[in-house]
Student: 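Sharing a structure below in structure tokens format, with a few things to ask.
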Amino acid sequence: MSTKLPWNPTNAVAAFTASLTRAGYDRDFRDRLTASVESGRTAVAEEGNLDIPTDKVIMFHEEESNENYHVFYLPDYDAQTPHKQHEYSTYFQGCYNPW
């Protein structure tokens, strides 16, 4: 039984590269990547022999555009100011710099 590699930028990039490469020719694997967040994480973990923490959200989609995916972080919780406005643009995180 092999030991899984720890989650870090080097190992994650290698696992993502291997997974994307395989997705280019293996329809069943590709379908696992897109089935759900959990299924995609499991497929990447297996392909890269990687221990991916459960708090890591990995998503794959088949269209080049990501206009159907909206990622936000929530503002600090503050029950004392219930009507304070929090602007969309401040909390939108549609993408980030790759490792």
Side-chain angles (χ1 to χ4, degrees):
M1 176 156 198
S2 65
T3 303
K4 291 194 178 267
L5 298 170
W7 174 263
N8 64 43
T10 300
N11 295 338
V13 166
F16 290 141
T17 297
S19 295
L20 291 165
T21 299
R22 185 170 171 187
Y25 65 85
D26 183 334
R27 173 50 74 183
D28 290 337
F29 185 76
R30 184 183 188 97
D31 290 345
R32 287 179 63 203
L33 291 175
T34 60
S36 69
V37 169
E38 293 79 15
S39 178
R41 180 178 38 246
T42 300
V44 171
E46 290 171 4
E47 187 68 14
N49 191 38
L50 185 61
D51 183 18
I52 302 176
T54 57
D55 66 341
K56 301 301 178 198
V57 177
I58 300 168
M59 268 182 129
F60 293 90
H61 62 94
E62 296 203 53
E63 303 85 32
E64 186 174 335
S65 171
N66 65 357
E67 68 185 31
N68 292 330
Y69 300 90
H70 305 275
V71 179
F72 298 87
Y73 72 95
L74 292 172
D76 292 337
Y77 180 78
D78 180 5
Q80 302 304 309
T81 56
H83 300 289
K84 178 179 178 184
Q85 187 167 348
H86 298 282
E87 294 293 331
Y88 155 92
S89 61
T90 301
Y91 298 95
F92 178 66
Q93 294 185 327
C95 58
Y96 63 95
N97 294 326
W99 287 313

Student: What distance separates Thr42 OG1 from Ile52 CD1, expressed to the nearest 0.5 Å?
Tutor: 8.0 Å
Student: Please report the shortest heavy-atom distance between Gly40 and Phe60, naming the atom on each side.
Tutor: O-CE1, 4.5 Å
Student: Looking at Asp76, I want to see if its CG is surrounded by more than 12 non-hydrogen atoms of other residues, nucleotides or ligands under 6.0 Å.
Tutor: no
Student: Report yes if some heavy atom in the side chain of Glu47 is under 4.5 Å from a heavy atom in the side chain of Arg32; otherwise report no.
Tutor: no
Student: Answer yes when Arg30 and Asp26 have at least one side-chain N-carboxylate O distance shorter than 4.0 Å, and no when they do not.
Tutor: no
Student: Before giving the answer on side chain to side chain contact (heavy atoms under 4.5 Å, CB included), spell out for Trp7 and Asp51 the whole-Å C-alpha distance, their side-chain angles and the decisive distance to 0.1 Å.
Tutor: CA-CA 6 Å; Trp7 174 263; Asp51 183 18; 5.9 Å; no
Student: Compare every heavy atom of Ala43 with every heavy atom of Ser19, then report the nearest pair and how far apart it is.
Tutor: OG-O, 4.4 Å
Student: Do you know which two heavy atoms are closest between Arg41 and Pro53, and how far apart they sit?
Tutor: CD-O, 3.8 Å
Student: Any idea which heavy atoms bring Leu50 and Ala15 closest together, and the distance?
Tutor: CD2-CB, 3.7 Å
Student: Mind checking the CG-CZ spacing from Asp28 to Arg22? Nearest 0.5 Å is all I need.
Tutor: 8.5 Å
Student: For Thr90 and Tyr73, work out which heavy atoms get closest and say how close.
Tutor: O-OH, 3.4 Å
Student: Looking at CG of Asn11 and NZ of Lys4, how far apart are the two atoms once the value is rounded to the nearest 0.5 Å?
Tutor: 12.0 Å
Student: Take Glu62 and Thr34 through the test side chain to side chain contact (heavy atoms under 4.5 Å, CB included) and record every step on the way to the result.
Tutor: CA-CA 8 Å; Glu62 296 203 53; Thr34 60; 4.1 Å; yes
